[in-house]
Engineer: 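Here's a structure for you.
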Amino acid sequence: MRFFAAFLALAATLYWPTFGGSPMHHSSTSVNIWPGFSKSWESPLSEGSARISTPVCFENKIILKYQELKKPFEFKVVCFDVANGNVVWSFSDLVIPKPKKVVLPLHPKDFEGSPTIFRNMVYVTSNDTVFCLSMNDGKPLWWKTFGNNCDVFYISPLIQGASMPAVVVPIARRSIFCLDAMKGRVIWESKNPFWATSPAFCQDNGFLCPVPMDSSGSIVASIPEEMNTSLGPVITVPEKNKALFLCRDGVFRFFSYNHFFSKWEFEWKCSVDGGSTYPRAACYFEGDFLLPGRENVARVNEKGKTLWNLQFGKGNIMGCLVCGKKALVLSKGTSSTISVIDTRDGFLYESMKLDGQPMTVPVQTENGFVIVFAKQGLVCYKGSNPPKLDCKSVEEVEVNGDGTTLLEVSNIGDSWVSFYVRSEKDWAVPENGIIRCAPGRKVMIPIKISLQGKPYRETRIVLSSETETKIVL
């Protein structure tokens with residue numbers, strides 16, 4: 001059963017990009033990104049946008065939703081071309097009949113729910129309505145209005161099931177709705193006396209929001225008080241029945257589901273440097289977590305052990321995004337910056353100042369990322385070209401009488417390179433650990449050669465980077 005659930009999760013992540021709910025639940029990719037960023041394009045939004053979601057990037061499109069401060073009755077969804085930032089289509093809820101009543105936000109403005117994409121459809125929530133739009137042209141396929149005095153703008157809908165897909169939308173201290181993803185009809189409605197967060201896929205085809213529910217809308221387990229009073233499940237690991245929560249005291253807490261006693265149990269907690277205020281900031285990758293504090297970022301394993309902790313300058317860390325072996329760290333303050341670090345040991349490659357105040361966490365677009373700014377709107381940055389290694393062969397280097405030599409390796413690419421050095425023969429012992437080289441620079445690698453009766457020209461040194469494997473003959 002667990003193997004099937006893991007296989008379903010893997011297949012689903014390949015099938016639609018927001019499987020598991022909001023990007024806050026799975027903000028990591030395996031695609032590398034290369035430092036040396038430059039602005040590619042920007043596409044302005046209207047001045048005074050009060051509520052705006054983190055964008056979702058899918059294939060060649062970027063989709064986000066927002067609501068203007070000057071037009072509190074209008075809700076918009078916009079689709080942009082990832083190549084140039086041109087608007088592909090836009091949707092306004094003024095096209096549908098609805099009562100005009102201002103619904104005040106019931107939550108911090110930083111927690112706006114992102115669109116959910118499934119097959120060729122986009123699911124988004126406004127103040128009181130969930131919409132299903134066509135991915136091709138943005139036309140509404142169906143919508144469901146929940147009535148006044150409810151606020152679901154901050155909710156990212158969860159798609160549950162693949163053969164008979166359904167949309168899960170929780171409403172704080174009221175109800176949890178499960179709707180037919182194709183037609184919008186109500187499949188079930190469950191009472192919800194708790195605070196509601198964006199639902200996240202979890203154990204046995206159930207979900208957390210933050211109360212644990214099964215696919216039929218029944219509460220399946222008792223929960224610790226910290227889960228009920230949390231800002232939501234930041235990361236869920238369905239195949240392992242585990243979930244990481246950010247609680248209101250700013251501390252991350254890790255829970256696991258006990259099948260025998262049908263309850264969630266606390267395992268460990270981590271505050272990094274005193275607490276985080278952004279639940280979308282954490283990442284899960286390679287079985288570990290990248291957790292942000294106010295000024296620090298730490299890599300923590302599933303046992304709660306801190307592997308490394310990196311301190312940044314003053315300013316709140318707004319979000320992290322893991323891209324292959326690197327991670328983007330967004331810091332928001334008087335001078336906002338985006339930094340590139342190595343997830344293996346926390347090495348800081350570079351930091352770039354941003355022109356403006358970011359409103360969302362970064363979202364990857366192939367070799368680049370997009371961020372929404374308060375004034376500039378949606379801005380896309382592209383990375384540099386991948387690095388490239390070049391070095392002398394063993395035949396070209398001089399070996400000292402004690403069998404030591406220096407191997408010169410150059411980076412002739414446009415971005416930082418990190419690589420490992422190993423030998424195919426026992427008698428060549430290169431330097432251990434990660435070796436890094438900035439673009440246009442070179443490094444000297446000490447090597448100890450124990451000939452053991454062999455000519456040193458038979459030595460084979462292998463350089464392995466994120467983009468290539470090079471054998472030095």
Side-chain angles (χ1 to χ4, degrees), residues 23 27-29 31-45 52 54-55 57 62 64 80 82-85 110 276 278 280-283 290 292-299 308 310-387 411 413-418 436-441 466-467:
S27 50
S28 63
T29 72
V31 180
N32 285 308
I33 199 166
W34 307 113
F37 298 107
S38 60
K39 185 183 294 186
S40 178
W41 52 260
E42 64 179 56
S43 188
L45 299 172
I52 188 164
T54 296
C57 183
I62 301 172
L64 59 82
F80 301 89
V82 72
N84 51 31
D110 301 301
S276 171
Y278 293 94
R280 291 173 293 187
C283 302
L290 192 63
R294 291 185 174 90
E295 299 178 359
N296 288 41
V297 171
R299 179 168 179 169
W308 54 259
L310 179 64
Q311 183 177 10
F312 290 80
K314 293 183 178 180
N316 285 323
I317 293 177
M318 187 174 178
C320 302
L321 173 66
V322 171
C323 310
K325 299 298 182 182
K326 298 180 180 66
L328 300 176
V329 180
L330 177 62
S331 299
K332 182 178 181 180
T334 54
S335 179
S336 299
T337 61
I338 189 86
S339 302
V340 184
I341 64 175
D342 195 312
T343 59
R344 291 168 290 188
D345 57 5
F347 178 83
L348 177 62
Y349 286 104
E350 64 180 41
S351 295
M352 179 181 69
K353 289 187 177 181
L354 300 174
D355 298 327
Q357 288 297 314
M359 298 181 67
T360 68
V361 295
V363 174
Q364 187 174 5
T365 60
E366 290 192 33
N367 185 25
F369 61 92
V370 291
I371 297 178
V372 179
F373 290 87
K375 293 184 178 181
Q376 299 98 314
L378 183 65
V379 179
C380 179
Y381 296 87
K382 64 178 181 179
S384 60
N385 294 324
N411 179 6
D414 297 331
S415 178
W416 274 86
V417 64
S418 62
R436 297 181 176 88
C437 185
R441 305 297 293 271
E466 296 165 289
T467 59

Engineer: Please walk me through it: do Cys57 and Val370 pass side chain to side chain contact (heavy atoms under 4.5 Å, CB included)?
Structural biologist: CA-CA 9 Å; Cys57 183; Val370 291; 5.8 Å; no

Engineer: Please report the closest heavy-atom contact between Glu295 and Ile317, naming both atoms and the distance.
Structural biologist: C-CD1, 3.5 Å

Engineer: Restricting to non-hydrogen atoms, name the atom on Ser43 and the atom on Phe80 that form the minimum distance, rounded to 0.1 Å.
Structural biologist: OG-CE2, 3.2 Å

Engineer: Atom CH2 of Trp416 and atom CZ of Arg441: how far apart are they, to the nearest 0.5 Å?
Structural biologist: 8.5 Å

Engineer: Side chains of Ser415 and Pro439: does their closest heavy-atom pair fall under 4.5 Å?
Structural biologist: no

Engineer: Could you please spell out the steps behind the side chain to side chain contact (heavy atoms under 4.5 Å, CB included) verdict for Asn385 and Trp34?
Structural biologist: CA-CA 7 Å; Asn385 294 324; Trp34 307 113; over 6 Å; no

Engineer: Looking at every heavy atom in both Leu321 and Pro362, which two are closest together, and how far apart are they?
Structural biologist: CD2-O, 3.7 Å

Engineer: Strictly distance-based, threshold 3.5 Å: is any side-chain N or O of Arg344 a donor or acceptor partner for the main-chain N or O of Lys325?
Structural biologist: no

Engineer: Applying side chain to side chain donor-acceptor pair (under 3.5 Å), name anything that partners Thr467, two or more places apart in sequence or on another chain.
Structural biologist: Ser465

Engineer: If I compare all heavy atoms of Leu330 with all of Val361, which pair ends up nearest, and what's the gap?
Structural biologist: CD2-CA, 4.2 Å

Engineer: Quick check: closest heavy atoms across Gly368 and Ile33, and the distance to 0.1 Å?
Structural biologist: O-CD1, 3.4 Å

Engineer: Output the distance between atom OG (Ser40) and atom CG (Asn367), rounded to the nearest 0.5 Å.
Structural biologist: 10.5 Å

Engineer: For the CG atom of Asn296 and the CG atom of Leu310, what is their distance to the nearest 0.5 Å?
Structural biologist: 7.5 Å

Engineer: Count the heavy atoms of every other residue, nucleotide or ligand shown that sit under 6.0 Å from CD of Gln357, and state whether that count exceeds 12.
Structural biologist: yes

Engineer: Strictly distance-based, threshold 3.5 Å: is any side-chain N or O of Glu350 a donor or acceptor partner for the main-chain N or O of Gly36?
Structural biologist: yes

Engineer: Could you report the tightest heavy-atom contact between Leu290 and Trp308, atom names first, then the distance?
Structural biologist: CD1-CH2, 3.7 Å

Engineer: Are any of the side-chain heavy atoms of Val82 and Glu366 separated by less than 4.5 Å?
Structural biologist: no

Engineer: Test side chain to side chain contact (heavy atoms under 4.5 Å, CB included) on Tyr349 and Ser418; report intermediate values, then the result.
Structural biologist: CA-CA 10 Å; Tyr349 286 104; Ser418 62; 3.5 Å; yes

Engineer: Is there a donor-acceptor pair closer than 3.5 Å between any side-chain N or O of Ser384 and the backbone N or O of Asp414?
Structural biologist: yes

Engineer: Once you round to the nearest 0.5 Å, how far does CG of Leu328 lie from NZ of Lys326?
Structural biologist: 10.0 Å

Engineer: Rounded to the nearest 0.5 Å, what separates atom CD1 in Ile52 from atom CG in Leu45?
Structural biologist: 4.5 Å

Engineer: Are Val372 and Pro55 packed together at the side-chain level, in the sense that at least one heavy-atom pair is separated by less than 4.5 angstrom?
Structural biologist: yes

Engineer: Taking side chain to side chain donor-acceptor pair (under 3.5 Å) as the definition, give me every residue that meets it alongside Asn411, ordered by chain and number, with sequence neighbours left out.
Structural biologist: none

Engineer: Rounded to the nearest 0.5 Å, what separates atom OH in Tyr381 from atom CD1 in Ile338?
Structural biologist: 9.0 Å

